[in-house]
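Just so it is clear, the model here is predicted, and its values are computed rather than measured. Quick note: numbers below take in every heavy atom, side chains included, and nothing from hydrogens, waters or symmetry partners.
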Amino acid sequence: MLAAAAVCPCPPLLVPEVAGGAAQEMDDARAACYDAIAVLAAARPDRLVVVGPAEPACRGRHPAGATGSFRPFGVDLEVRLGTGEPAGRPLPPSLAVGAWLLEHTGWGASPVEGLGVGEPLPRERCAAAGRDLAAGPERVALLVMGDGTTCRTLKAPGYFDERAAAFDAAAARALAAADTAGLLALDEELAYELGASGRSCWQVLAGAAEGADLAGRLLYDRAPYGVGYLVASWS
């Protein structure tokens, strides 16, 4: 059963060493992520699964001890997902950011594992994956990594698309209300066109939360750099 969930964005810029001189610009987003993870810890789960978008080579399960690196972003910094022997397959960037957040907040409430999800995965398969994660009697918590659209301004990575603000607003409403139907209603093709990497992972959360009767709270909703970043807590 799903005991709690936290939704966080996954730009490497959340990591101060990567952001460098721009680190302060993400202070509020970082603080909101810490608050959401504190709610996860308070739920005392039996297991935490970090879910994040991933390229084909990094999709699927990542065991405790799996490592990720920020060297591709110019920083000699390595992180580990929970405790355990290092695995042969590296974490995708989204899960590396999640691992950094857990390390920085001193996570020790439960064992940790990861799940890399393909961004184009259809909503039905996302929901089914979420149901699988939450099946059984143990109390499962999810740390769901993923960004909103990349098209909110002219200087955004995906340039400007007038549809982006409405898409992010719909996602924010669903996350604020722990509205699983609202998350599953997000269109996967539109999300892909707008660069919303979080769509598939949010829909994994929707599947996991079916019947869990959780309440939602939106902690952060802004678009620095023209990218939609959302932080939410479900408990």
Side-chain angles (χ1 to χ4, degrees), residues 1-15 17-18 33-34 36-37 40-41 43 45-73 75-123 125-136 138-147 196-209 231 234:
M1 61 172 287
L2 185 66
V7 174
C8 295
C10 59
L13 288 174
L14 267 181
V15 179
E17 292 89 338
V18 175
C33 292
Y34 300 159
I37 291 172
L40 290 185
D46 299 313
R47 177 167 58 104
L48 173 66
V49 183
V50 186
V51 181
E55 294 299 320
C58 294
R59 291 172 188 169
R61 298 288 183 122
H62 292 266
T67 58
S69 174
F70 293 98
R71 291 187 188 92
F73 305 99
V75 175
D76 188 14
L77 176 65
E78 189 171 273
V79 291
R80 180 174 295 188
L81 192 64
T83 58
E85 292 298 321
R89 194 167 59 131
L91 296 172
S94 64
L95 297 190
V97 174
W100 180 87
L101 287 171
L102 293 174
E103 285 187 0
H104 194 77
T105 53
W107 180 267
S110 70
V112 183
E113 62 187 72
L115 177 67
V117 179
E119 290 182 45
L121 193 68
R123 70 189 76 185
R125 292 184 60 189
C126 293
R131 294 185 198 104
D132 287 344
L133 289 175
E138 69 175 348
R139 292 170 55 80
V140 177
L142 298 183
L143 173 55
V144 182
M145 310 299 295
D147 300 339
S197 68
R199 187 277 311 171
S200 58
C201 298
W202 300 335
Q203 291 180 335
V204 170
L205 167 61
V231 179
W234 290 18

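With contacts defined as side-chain heavy-atom distances shorter than 4.5 Å, the pair Val97/Phe70 qualifies. Counting heavy atoms from C-beta on, the side chains of Cys8 and Leu143 come closer than 4.5 Å. Side-chain contact between Val144 and Val204: absent, with no pair of heavy atoms (C-beta onward) separated by less than 4.5 Å. Side-chain contact between Leu142 and Trp234 is absent, with no heavy-atom pair separated by less than 4.5 Å.
Here CH2 of Trp107 is found 12.0 Å from CG of Leu101. Values are rounded to the nearest 0.5 Å. Taken to the nearest 0.5 Å, the CG atom of Leu77 stands 9.0 Å off from the CH2 atom of Trp100. With values rounded to the nearest 0.5 angstrom, Thr67 atom OG1 is found 9.5 Å from Leu81 atom CG. From His104, atom NE2 reaches atom CG of Leu14 across 11.0 Å, with rounding to the nearest 0.5 Å. Here the CG-CG distance, from Leu2 to Leu205, works out to 7.0 Å after rounding to the nearest 0.5 Å.
Within the structure, no pair that satisfies the salt bridge (charged side-chain N to carboxylate O under 4.0 Å, His left out) test touches residues 94-109, not counting sequence neighbours.
At distances below 3.5 Å, at least one donor-acceptor pair connects side-chain atoms of Ser197 with backbone N or O atoms of Asp147. A donor-acceptor pair is defined here as one N or O able to donate and one able to accept, closer than 3.5 Å; no such pair exists between the side chain of Arg80 and the backbone of Ala64.
Residues passing the salt bridge (charged side-chain N to carboxylate O under 4.0 Å, His left out) test with Arg131, sequence neighbours excluded: Glu210. A search for salt bridge (charged side-chain N to carboxylate O under 4.0 Å, His left out) contacts involving Arg125 returns nothing, not counting sequence neighbours. With sequence neighbours excluded, the residues satisfying side chain to side chain donor-acceptor pair (under 3.5 Å) with Ser69 are Arg71. Residues meeting the side chain to side chain donor-acceptor pair (under 3.5 Å) test with Arg123, sequence neighbours left out: Glu188.
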Exercise answer: donor-acceptor pairs, residues 46-60 side-chain atoms, under 3.5 Å, sequence neighbours excluded:
residue, atom, partner, partner atom, Å
Asp46, OD2, Arg139, N, 2.7
Arg47, NE, Glu138, OE2, 2.7
Arg47, NH2, Leu133, O, 3.2
Arg47, NH2, Glu138, OE2, 2.9
Arg59, NE, Ala54, O, 2.9

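Closest heavy-atom contact between Leu95 and Gly116: CD1-N, 4.2 Å. Heavy-atom minimum distance, Val117 versus Cys201: CB-SG, 4.1 Å. Contact detail for Ala99 and Val79: the closest heavy-atom pair is CB-CG2, 3.9 Å.
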